[in-house]
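Note sheet for the following structure.
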2 protein chains.
Amino acid sequence: MEYTIGKLAQLAGVSPRTLRYYDEINLLKPAKVNGSGYRIYGQEEVDRLQQILFFRELDVDLETIVAIMNDPNFDKEQALQKHHSKLVEKRNRLDKLIVTVEKSIANLKGEYPMENKEKFAAFKENLIAENERKYGEEIRNKYGNKVVDASNAKLRGMSEDDYAAMQALEKELFDLIKQACPTGDPSSSLAQKAAEKHKEWLMYSWPEYSEEAHAGLAEMYVADERFKAYYDKVIDGGAEFLRDAILIFTGKKAI
Amino acid sequence: MEYTIGKLAQLAGVSPRTLRYYDEINLLKPAKVNGSGYRIYGQEEVDRLQQILFFRELDVDLETIVAIMNDPNFDKEQALQKHHSKLVEKRNRLDKLIVTVEKSIANLKGEYPMENKEKFAAFKENLIAENERKYGEEIRNKYGNKVVDASNAKLRGMSEDDYAAMQALEKELFDLIKQACPTGDPSSSLAQKAAEKHKEWLMYSWPEYSEEAHAGLAEMYVADERFKAYYDKVIDGGAEFLRDAILIFTGKKAI
DNA sequence: CATAAACCTTTACGTAACGTGAAGGTCAAG
DNA sequence: CTTGACCTTCACGTTACGTAAAGGTTTATG
């Protein structure tokens with residue numbers, strides 16, 4: 001199937017101008033140009049345009065999309081998988097915004113007391129996610145995690161002091177893990193103290209605590225390589241040990 | 001609680017520049033300006049900023065936000081209610097996008113045949129929603145529904161012929177309702193023919209048919225005043241009658 | 001008490017991703 | 001064979017801020 005610029009625009013719900021612009025910036029070149037200068041697009045371009053729209057939906061700027069999609073290592077399926085998880089994340093953030101509206105209505109009616117901070121927490125999650133997307137991967141690789149975390153912390157409205165306190169807490173947590181892990185007993189009082197410390201640490205960045213969420217995060221510490229590496233760097237097997245300690249701490253696992 | 005520009009910016013996760021800009025365009029004026037020209041914001045401004053961010057989240061342009069919020073008839077609670085339903089709509093559209101990604105992955109693997117039209121259907125729903133938001137209310141009031149529907153139809157990639165066919169179908173549907181309604185029997189063959197016609201009509205704008213969705217829409221025809229008025233205009237009680245006919249047609253209600 | 005750091009101010013130009021004509025060539029239908 | 005619906009390339013306009021620059025104010029600290 002071949003498409004002129006107008007046909008493709010119609011199919012995809014974008015304007016011809018947009019397609020010309022994408023041609024100009026080397027994001028989406030037509031399959032060929034016919035004798036009289038008309039742009040002709042084929043199936044490959046249709047699929048590529050769909051990919052572009054997914055990126056755009058996730059607020060990735062065009063320059064970045066060009067860089068990603070023109071990379072010889074670009075893998076269509078992998079990209080779609082990533083789109084999927086990002087869209088799910090976006091939906092989760094939307095869920096929180098919806099809850100915020102509900103609370104704000106109740107607040108307006110005087111039925112629910114609401115701190116100003118809470119009124120914007122869900123919006124800021126969007127920002128944090130964007131911040132991660134834009135600079136996260138790059139900066140994490142170049143300068144390590146601290147810069148990104150500090151930046152995220154700042155976004156959450158933390159003072160420098162709070163951030164320092166959080167860093168200190170994390171150090172205590174690391175020390176506890178280092179001590180408790182070799183015993184191999186995640187129900188030991190030292191291990192439970194670590195779990196408690198971890199909760200304290202969490203409270204700096206979480207709007208509210210729940211055992212379910214805490215336990216869920218613990219599972220992720222082992223499932224997600226990035227986190228696993230982070231705690232295994234402290235001491236070998238640290239991630240699993242912390243997870244087990246937290247699962248016991250939150251009552252999700254018997255001793 | 002009083003906030004300087006930086007404090008409020010920090011709280012809400014926006015830049016001071018943004019707040020100055022909102023001041024400039026009369027969207028958010030500080031509560032007062034102190035002796036040395038500093039902008040000072042209070043609780044009222046905090047809440048107003050939250051409202052602004054909700055509008056922004058829904059891609060309403062600032063000019064429109066100014067118009068809406070500076071309108072003396074502006075009702076905070078009503079606005080929040082609207083935000084809520086719009087956010088839910090947005091989440092529903094996100095859900096469809098997520099399904100589209102999943103299908104596209106299957107398609108890529110050759111496990112699922114996918115028409116090009118389907119690849120963009122979910123994106124176009126966003127467009128249709130935006131189109132409605134921008135021009136819908138205004139134009140519906142000024143020129144009636146036809147213009148908007150035609151515009152939406154065009155967005156869906158319908159040809160003029162298709163649109164004409166859809167209009168013809170709708171007229172047939174109206175005639176059937178007009179005939180069947182006075183009998184008062186939604187299970188009559190005429191009424192069921194109307195339900196069938198309604199399904200046909202739907203198929204022009206729906207990507208796929210399901211009895212659940214059809215029945216759900218029928219319920220909405222009575223619940224939502226706009227729709228109710230639309231069918232009651234054909235014949236008094238038309239909305240309820242059509243709903244009952246559809247509920248029987250879809251097997252959601254016994255005869 | 002000074003002085004530097006961390007705020008704040010206005011002014012003004014830069015930007016991304018197109019929208020919107022203008023001026024003109026191409027193509028299918030009647 | 002012409003009319004209307006396409007297409008083309010300039011080229012300037014728009015929105016919602018980002019980003020210095022140049023300077024005044026407030027607050028923490030030696």
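Every chain is numbered from 1 and lettered A, B, ... according to where its sequence line falls, protein lines coming before strand lines.
In this structure, Lys119(B) pairs ionically with Asp47(A), as a charged nitrogen and a carboxylate oxygen lie closer than 4.0 Å.
Here the C1' atom of nucleotide dT9(D) and the CD atom of Glu24(A) are 10 Å apart, to the nearest Å. One atom, CG of Asp61(B), and another, C1' of dC18(C), lie 15 Å apart when rounded to the nearest Å. Atom pair Leu28(A):CG and dC18(C):P shows a separation of 12 Å (rounding to whole Å applied). Atom CG in Leu19(A) sits about 10 Å away from atom P in dC7(D), given to the nearest Å. Put simply, CG on Leu27(B) is 14 Å from P on dT15(D), counting in whole angstrom units. Between the CD1 atom of Ile65(A) and the C1' atom of dC18(C) there is a distance of 13 Å, given to the nearest Å. Look at CG on Asp23(B): it is 14 Å from P on dC8(C), rounded to the nearest Å. Atom CD1 in Ile25(A) sits about 10 Å away from atom C1' in dC18(C), given to the nearest Å.
When distances are taken from the side chain of Arg20(B) to each of dT9(C), dA16(D), dG19(C), the shortest belongs to dT9(C).
Under the 3.5 Å distance criterion, the side-chain polar atoms of Thr100(B) are matched with a main-chain donor or acceptor of Lys96(B).
A heavy atom lying under 4.0 Å from DNA chain D marks none of the residues of residues 39-47 of chain B.
Side-chain contact between Tyr3(B) and Ile40(B): absent, with no pair of heavy atoms (C-beta onward) separated by less than 4.5 Å.
Checked by distance alone, Tyr38(A) brings a side-chain donor or acceptor within 3.5 Å of a matching partner on the base of dG25(C).
Side-chain atoms of Glu118(B) and Tyr112(B) form a donor-acceptor pair, as typed in the model, at a separation below 3.5 Å. A donor atom on one side chain and an acceptor atom on the other are not found under 3.5 Å apart for Glu57(B) and His83(B). When only modelled atom types and interatomic distance are considered, Asp61(A) and Thr64(A) share a side-chain donor-acceptor pair under 3.5 Å.
Listed pair Thr18(B) / dA16(D) fails the phosphate criterion, with no side-chain N or O lying under 4.0 Å from OP1 or OP2. At dG25(C), none of the side-chain N or O atoms of Ser36(A) fall inside 4.0 Å of OP1 or OP2 (strictly under the cut-off). In terms of phosphate contacts, Tyr22(A) brings a side-chain nitrogen or oxygen within less than 4.0 Å of OP1 or OP2 of dC18(C). Look at Arg17(A) and you won't find any side-chain N or O under 4.0 angstrom from OP1 or OP2 of dA17(C).
Put simply, the residue from Glu45(A), Gln43(A), Lys32(A) that forms a side chain to side chain contact (heavy atoms under 4.5 Å, CB included) with Glu2(A) is Lys32(A).
Residue contacts for Ile5(B): at a heavy-atom cut-off of 4.0 Å it reaches the sugar-phosphate backbone alone, with no base atom in range.
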